[in-house]
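Notes follow the structure.
All heavy atoms count here, side chains included; hydrogens, waters and symmetry mates do not.
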Amino acid sequence: MHSSIPSLGRVMVFLAAALASASFAIPEDWGEEGVQYGQLGTDVTLSCPGARASSAVRWRRAGAAALPEGSGIQQGSLVLPTASPALGGTYSCHGEDGSLLRSVSLRLGHLPGVPFVSCRASDYENFSCSWTSSVETFLPTRYITTYRKKSLTGEEKRRNKNGHVGLCLQDPSRPGTCTVHRSEFWSSYRLNITEVNPLGFSYRLLDVTMQAIIKPDPPEGLVVEPIPLAPRRLHVSWKYPSSWPKEPHFQLRFRLQYRPVIHRSWSVVETVNLSEVITDAFAGLEHVVQVSAKDFLDAGNWSEWSAEARATPVRDLASTASAETTTDARLESLAEEPSQASNPEPINGSDPLEKMAVLVSLGIFAFFILAAVLVITILIWLRVRKHGKDKTKPSFLVAATHLKALPKAQIL
């Protein structure tokens, strides 16, 4: 919100407005005597305090033969309609005898816009806010930064009947920032950042909750080292950021990202410790590692990534030396004893373990084939046996069955 008239009801806004109005009401407070400020796009009036009402006054513009087109003199004052940037400069008014009555430097600009504000807590005891102007005013600018705790206890309400309004302290070495010290992690605050220039003021109110804006600084002291006799491992260690108080109730957790320098994709692991062992590094390749931190209870946001650290895992020297020795011995043997066969067999450089695996696989395959043949044979045998029993039924049973079917008279 912006205004050129301090007319706000809330306590903290009223405080900022009062300070703002006191600042731009007196141009000399801006450290430039003899300067008058005007708003671009509006009519600007330059007064001549030493002129008498009945006497004629003449106005001149430094470096110009005539006054700007459209300007006019009304009761000794110079009126510049719809001021544009080109109308800025030094003007002087003179009496009838040519004596200098006043010289004024006109600076033109805009009213302040509503500033852009963001807040961040790098620990749980303090938080800082930063801002940028939303409008380029072309005029000197100041900022008034205050805060108020939103939820007060009964005791705090009794002590501060009008609500506690404090200053968000600005650091001259860090323009555009202010800090609230000794804040409470579980409390909420309302920030008022007011931008003031000689023409007026504008402000932004921002509600801040510590849990939402906590963002630690990056971890420090990142060290990456190869592990002897471990070609795929790297040991990584780091320290808490120095800005984070070391209290048992407010711990950090960490996120580690790493990759070979020649690759683009990162591998990421999380831990609560201050060290980690990478177990899937690529032997002999340089790796780049970074680490970030976040509140242990997942409040707020992850920190920025730390500065990079690099290391290369050790090479597998034992297996490399063994392979080179074996290869050299085989080549020397072949050179000293050339084969006498007309069609020499190719050199079999396979591993004995691979041969054993092939033999075991063949044995298992043969076992299953024999089992299948045996099952099929048994099924065929059972079927043939059943069919044979039906054909060899005894003849006397057939005759008995026939006689039983005949009438009694025919049997006698």
Exercise. Under 6.0 Å between the ring centres of Y143 and Y203?
Worked result: no
Exercise. So, R232 side chain and A281 main chain: donor-acceptor pair closer than 3.5 Å or not?
Worked result: yes
Problem set entry | SB check K215 E304 (cutoff 4.0 Å) | yes
Exercise. Can S92 and H94 be counted as having a side-chain donor-acceptor contact under 3.5 angstrom?
Worked result: yes
Problem set entry | Taking every non-hydrogen atom, the tightest pair across P226 and T312 | CB-O, 3.4 Å
Exercise. Say you draw a straight line from OG of S275 to CG of L256; how long is it, rounded to the nearest 0.5 Å?
Worked result: 10.5 Å
Problem set entry | Validation row: Y124, D295 side chains within 4.5 angstrom (heavy atoms) | no
Problem set entry | C168 and C129 SG atoms under 2.5 angstrom apart | no
For this session: For the pair Y189 (side chain) and E184 (backbone), establish whether a donor and an acceptor sit closer than 3.5 Å, ignoring hydrogens and angles.
Result: yes
For this session: Can you see which heavy atom on L234 is nearest to which on A311, and at what distance?
Result: CD2-CB, 4.1 Å
Exercise. Less than 4.5 Å apart, any side-chain heavy atom of L67 and any of L78?
Worked result: yes
For this session: Could you tell me whether the side chains of D171 and S173 share a donor-acceptor contact shorter than 3.5 Å?
Result: yes
Exercise. Which atoms form the tightest heavy-atom contact between R61 and A66, and what is the distance?
Worked result: CB-O, 4.5 Å
Problem set entry | Heavy-atom side-chain proximity of P68 to L80 below 4.5 angstrom | yes
Exercise. Regarding N192 and T194, is there a side-chain donor-to-acceptor distance under 3.5 Å anywhere?
Worked result: yes
Exercise. Do S128 and T179 have side-chain N/O donor and acceptor atoms under 3.5 Å apart?
Worked result: yes
For this session: May I ask you to test the L106-Y37 pair for a side-chain heavy-atom distance under 4.5 Å?
Result: no
Exercise. Under a 4.0 Å N-O cut-off, is there an ion pair linking E270 with R253?
Worked result: yes
Exercise. Mind checking whether I73 and W59 have side chains closer than 4.5 Å, heavy atoms only?
Worked result: yes
Problem set entry | Residue that, paired with F201, satisfies side-chain contact (heavy atoms from CB on, under 4.5 Å) out of I144, V196, T141, L111 | V196
Exercise. Taking the six-membered ring of W302, is NZ or CZ of R255 closer than 6.0 Å to its centre and within 45° of its axis?
Worked result: yes
Problem set entry | Criterion side chain to side chain donor-acceptor pair (under 3.5 Å) against E195, the qualifying member of S134, S133, S202 | S133
Problem set entry | Note, C93 side chain near R58 side chain (heavy atom, < 4.5 Å) | no
Exercise. Any salt bridge between D207 and K150, counting N to O under 4.0 Å?
Worked result: yes
Problem set entry | Any donor-acceptor N or O pair under 3.5 Å, side chains Q257, Q290 | yes
Problem set entry | Gap between atom CG of D280 and atom CZ of R233 - 0.5 Å precision | 10.0 Å
Problem set entry | Parallel, tilted or perpendicular: ring planes of H110 versus F138, cut at 30 and 60 degrees | tilted
Exercise. Ring centres of Y258 and W266 under 6.0 Å apart?
Worked result: no
Seminar exercise, completed: Output for pair (F127 CZ, C119 SG), nearest 0.5 Å, gives 6.0 Å
Exercise. Does the side chain of P85 reach to within under 4.5 Å of the side chain of L40, using non-hydrogen atoms?
Worked result: yes
Problem set entry | Exercise: do Y240 and D217 side chains pair donor with acceptor under 3.5 Å | no
Exercise. Looking only at heavy atoms, what is the nearest atom pair of T145 and W131, with distance?
Worked result: CG2-CH2, 3.6 Å
Exercise. How many angstroms lie between atom CG of L285 and atom CZ of R259, to the nearest 0.5 angstrom?
Worked result: 12.0 Å
For this session: Evaluate ring pair (Phe, Tyr, Trp, His ring centres under 6.0 Å) for W244 paired with F250, printing each intermediate quantity in order.
Result: CA-CA 9 Å; W244 188 270; F250 293 92; 7.2 Å; no
For this session: Indicate whether any N or O donor in one side chain lies under 3.5 Å from an N or O acceptor in the other, for S242 and E220.
Result: yes
For this session: Compare every heavy atom of A83 with every heavy atom of Q39, then report the nearest pair and how far apart it is.
Result: O-CB, 4.2 Å
